[in-house]
J.: 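Encoded as structure tokens, here's the structure I'll be asking about.
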Amino acid sequence: MFGIWGAPSSDSGAAASFAALGLHALQHRGQEAAGITSWDGAAFHTHRAMGHVAGTFDRADIIRALPGRVAMGHVRYSTSGDSALRNVQPLFAELASGGFAIAHNGNISNALKLRRELNRRGSIFQSTSDTEVIIHLVATSNYRTLLDKFIDALKQVEGAYSLVCMTPEGMIACRDPLGIRPLVLGKLDGAFIFASETVALDVVGAEFLRSVEPGEMIIVSDRGFRSHRPFAPVPPRPCIFEHVYFSRPDSIVDGTSVYDVRKNIGAELARESPVEADIVVPVPDSGVPAAIGYAQASGIPFELGIIRSHYVGRTFIQPSDGVRNLSVKMKHNANSALIRGKRIVLIDDSIVRGTTSLKIVQMMRDAGAAEVHFRVASPPTRHSCFYGVDTPERANLLAAQMDVVAMTEFIHADSLAFVSIEGLYRAMGEVARDPMRPQHCDACFTGDYPTSLTDEDEAAPRDQFSLLQERVAS
Ligand code: SF4
């Protein structure tokens, strides 16, 4: 998400062009679709489209059609659920108080239950997105002011939400009480900016002021800046996976450099799971910082044994199964002259289904590696995420089905090791994980979910909202 109030130019589309740049820097957070809504002081304007930010918002005619010094945007994560345009954010509604645009990062874990209640009370939904539940809760709240209605709505939702909302009175940014998903505040020549990661501030030349704190609601307008704490304080549980994989390595998340944490994880791995080897090879790009950390801590040279092509499109048409099996080589190719005869420590950020890991190990063997030792910069992913990261259901998570010995055989590695959960916390700068009150959400590794999973508990078998919403739609 990216929002800007008071863009430092009166050119038509000024705020929208900042939003487009910011969203481009956040493209890794969602590649399915993108949208921008602007406010020109009299009316809201929206453009939403499937596909990447570039390809839609690099067009001058589209940016010019989003006038005003206020704008917000969103990139949508690719899920197995309904990918229709109606779910692309920002979502917009004309409420009794005026226009209301909302963008959401996260997942509401009681959205189905709330939706059923709202349906019974007469609400008619335009999308199958969990985010629309918030709009209807605001619209039907008995409180008087928009801010009170909004707070009333948020007190009914469970799960993860970082939100940016735009109204004629101001832009509202909010992080759920646990602070599961990130959100930062920046400033540019008198304009306030909210963004999911600091890289979006960097790219527009804004100054990073601070993170929006868990449970904090910030309202910016032409009258300035106000901070509210509408929720009862609880110990925060920000997502640890942002540091392992999701955020860009050049971002600062909750005061910590993502790059530094990833290097620290690699160093922890080297200490916990050493191995005699000739070179350390990252699976690019996400395994690179951890591989640097592993190499520095172990003294084994870091080498680029796999080269990644940056030109592989997700929609590449593959005419047959035989060709599809070659697709991994289109994205990653072994640097054979380097690999031949070497004992390799291969570093990746995680193992999810295991199919990519299997192909990468095979690629190293085909290139003549003498031994392939796989080291993973996260603990085994044994549980699904219900807070906005698109992990598959448990049946498709390799580590939920097998122990490490069986996984080693499955991916055909000579050895396999994961960083421990304690090692991950040490890499984050913590002395240890507090088992009574973990400092982060780490549920995909531990199964210790920090909120109720109301929709999941009502459903059997367990599913993600993106799948359940299909049933709501049908
Ligand atoms: S379950 Fe995992 S990916 Fe999801 S919020 Fe928690 S730590 Fe992050």
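Indexing begins at 1, ligand by ligand and atom by atom, following the structure's order. Here, residue 1 is the first one in the sequence, and each next residue gets the next number.
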J.: Using the side-chain contact (heavy atoms from CB on, under 4.5 Å) rule, take Arg210 and Val184 through it: C-alpha gap first, then chi angles, then the decisive distance, then the call.
T.: CA-CA 6 Å; Arg210 65 176 176 85; Val184 297; over 6 Å; no

J.: Taking only Lys NZ, Arg NE, NH1 and NH2, and the carboxylate oxygens of Asp or Glu, determine whether Glu268 and Lys263 approach each other closer than 4.0 Å.
T.: no

J.: Sort by chain and number the protein N/O/S atoms found under 2.8 Å from atom 6 (Fe) of ligand 1.
T.: Cys441 SG

J.: Is the centre of the Phe374 ring less than 6.0 Å from the centre of the Phe418 ring?
T.: no

J.: I need the atoms of ligand 1 closer than 4.0 Å to a non-hydrogen atom of Arg181, numbered in the order shown.
T.: 5 (S)

J.: Are Phe2 and His74 close enough that their ring centers fall under 6.0 Å?
T.: no

J.: One residue to check: His243. Relative to ligand 1, which of side chain, backbone, both or neither has a non-hydrogen atom less than 4.0 Å away?
T.: neither

J.: Hey, would you say the His24 and Phe57 ring centroids sit under 6.0 Å apart?
T.: no

J.: What about His136 and Phe125, are their ring centers closer than 6.0 Å?
T.: yes

J.: Compute whether any side-chain donor of one residue and acceptor of the other, for Asn119 and Ser123, lie under 3.5 angstrom apart.
T.: no

